[in-house]
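This report refers to the structure that appears directly beneath it.
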Amino acid sequence: MSSSSLPATTASLTQASEATSPSEAISIYYQILANPSSSPEALRIKEQAISNLSDLLRQENRAEELKNLLTQLRPFFSLIPKAKTAKIVRGIVDTVAKIPGTSDLQIALCKEIVQWTRDEKRTFLRQRIEAKLAALLMENKEYSEALALLSGLIKEVRRLDDKLLLVEIDLLESKLHFSLRNLPKAKAALTAARTAANAIYVPPAQQGTIDLQSGILHAEEKDYKTAYSYFYEAFEAFNALEDPQAIYSLKYMLLCKIMVSQADDVAGIISSPKVGLQYQGPELDAMKAVADAHSKRSLKLFETALRNFRAQLEGDPIVHRHLSSLYDTLLEQNLCRLIEPFSRVEIAHIAELIELPAEHVEKKLSQMILDKKFAGTLDQGAGCLVIFDDPKTDAIYPATLETIENMGKVVDSLFVRSAKIMV
């Protein structure tokens, strides 16, 4: 903060708002905060100055200065109620999060605040900052550290019975276990979040996040119809709030339609009045291209879509996982259809028909043979695929087994009758 100070009055705030440059306004706000006055009016003015200063520093992308601001404000925090302190601290942390490329700085800032709250015994604020820290660690793929932090935090919050925070933490734990591919624990954590949410009023944004996570877990279990209904609920909630997550809910809705072979519905959903022009963009264009490829059963169009929309399809791990499964299924169906008329065929010819590289086709055919999708072998010397006729099962064996089983029943029945006669 600046060594000089300005009186903490409305006039000083007006002076800052009328400054000709952001740097000048920032300097004025620092001078207001440097004022030693601790009257109720001065404290109120300083709170407003902190809010305005945070916004200006964010606009100037001065994340490091925001971090230092929290340290400089600690003497001020001792003069105001703990609830207001928590609001200011969380507000500044959220402001830093809006500056791109600051994930490492956010983690360092949260760790610093957690240590300060421990020293000051500010439990309420510490728990919320620890939850934020766990979310940042998960985004940074530091899963083990995030899980260790959440494990202790969940036990503590359950003892305090803070339902709203418990919903947030259980939901975070579900996402974390899902990232670690531990579906049973992800489902258990989501169930715990829903149980806690049923006991209290949950903000619409939080409810939308719960529905979104429910849809993701159902989609992972191939229950795409249920997943679609959850994604729809999430979309309704986020759309009403104009939340950026709405586009992802809509994207996953379209994914579910494609996965249940209802790709023709995608165009209708995209052109509906609710979606309209509001969500048009590369995310929806990517799903439309995939739906078009699926409708036409064209692997070439599928690969073109993956290539043209790499960031939207392969960059999203949820979409990428399901589309990889869809691509494999589509490829197998196309290969089986192409080789059906042949008993011996060149791999190069199949590759030409399916419009894919010969090496890729050969690898997939060998995998299908090993998975017993069809009977055959690869003659790599001649570069051919040899397809065998399906071995016909001999009907005599099942008939013999059935006869023996019936004879067993007859013997058992005779044994029961003879036992009754002997008695």
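Computation of the quantities below employed the complete heavy-atom set of this structure, encompassing side-chain atoms and omitting hydrogens, waters and symmetry-equivalent molecules. These numbers come from a predicted model, not from an experiment.
Using bins of under 30°, 30° to 60° and over 60° for the plane-to-plane angle, the ring pair Trp116/Phe77 lands in the tilted bin.
With salt bridges taken as basic N to acidic carboxylate O contacts below 4.0 Å, one links Glu145 and Lys111. Contact check on Lys185 versus Glu173 returns no salt bridge, with no Lys/Arg side-chain nitrogen under 4.0 Å from an Asp/Glu carboxylate oxygen. Salt-bridge check for Asp161 with Arg159: failed, with every basic side-chain N at 4.0 Å or more from each acidic carboxylate O. Using a cut-off of 4.0 Å between Lys/Arg side-chain N and Asp/Glu carboxylate O, Arg194 and Asp211 are scored as salt-bridged. Ion pairing between a basic and an acidic side chain is recognised when a charged N comes within 4.0 Å of a carboxylate O; Lys132 and Glu168 show no such pairing. A salt bridge between Glu120 and Lys82 is absent, with no side-chain N of the basic residue lying under 4.0 Å from a carboxylate O of the acidic one. Under 4.0 Å is where a charged nitrogen must lie from a carboxylate oxygen, and between Arg118 and Glu130 at least one such pair does. For the pair Asp292 and Lys296, the salt-bridge criterion is met [side-chain N within less than 4.0 Å of a carboxylate O]. Lys87 and Glu47 are not joined by a salt bridge, as no carboxylate oxygen comes within less than 4.0 angstrom of a charged side-chain nitrogen.
Around NZ of Lys175, the count of heavy atoms belonging to other residues, nucleotides or ligands within 6.0 Å exceeds 12. Within 6.0 Å of atom CD in Glu60, more than 12 heavy atoms from other residues, nucleotides or ligands are found, so the atom counts as buried in its surroundings. Within a 6.0 Å radius of OH in Tyr248, no more than 12 heavy atoms belonging to other residues, nucleotides or ligands are found.
Using a 4.5 Å heavy-atom cutoff, the side chains of Gln278 and Asn239 are in contact. In this structure, the side chains of Glu24 and Glu18 stay at 4.5 Å or more apart for every pair of heavy atoms.
With values rounded to the nearest 0.5 angstrom, Thr95 atom OG1 is found 11.0 Å from Leu56 atom CG. Summarising the geometry, atom CD1 belonging to Ile247 is positioned 8.0 Å from atom CZ belonging to Phe235; distances are rounded to the nearest 0.5 Å. Taken from OG1 in Thr102 to CD in Glu64, the straight-line distance is 10.5 Å, to the nearest 0.5 Å. The CD1 atom of Ile32 sits 9.5 Å away from atom CG of Leu53, with the distance rounded to the nearest 0.5 Å. Between Glu41 atom CD and Thr9 atom OG1 the span is 8.5 Å, to the nearest 0.5 Å.
Between the side chains of Gln213 and Tyr230, not a single donor N or O lies within less than 3.5 Å of an accepting N or O. Gln207 and Glu233 are not linked by any side-chain donor-acceptor pair at a separation below 3.5 angstrom, with hydrogens and angles left out of the test. Counting only N and O atoms by type, the side chains of Asp55 and Gln59 include no donor and acceptor under 3.5 Å apart.
Taking all atoms of both residues into account, the shortest heavy-atom contact from Arg337 to Asn334 is NH2-OD1, 2.9 Å.
With sequence neighbours excluded, the residues satisfying side-chain hydrogen bond (donor to acceptor under 3.5 Å, both in side chains) with Thr226 are Asp223.
A cation-pi arrangement is absent between Arg344 and Phe342 under the rule of less than 6.0 angstrom and at most 45 degrees off the ring axis.
Remark: side-chain polar atoms of Lys257 are not paired, donor with acceptor, to backbone N or O of Ile269 under 3.5 angstrom. The backbone N or O of Ala8 sits nowhere less than 3.5 Å from a side-chain atom of Ser12 that would complete a donor-acceptor pair.
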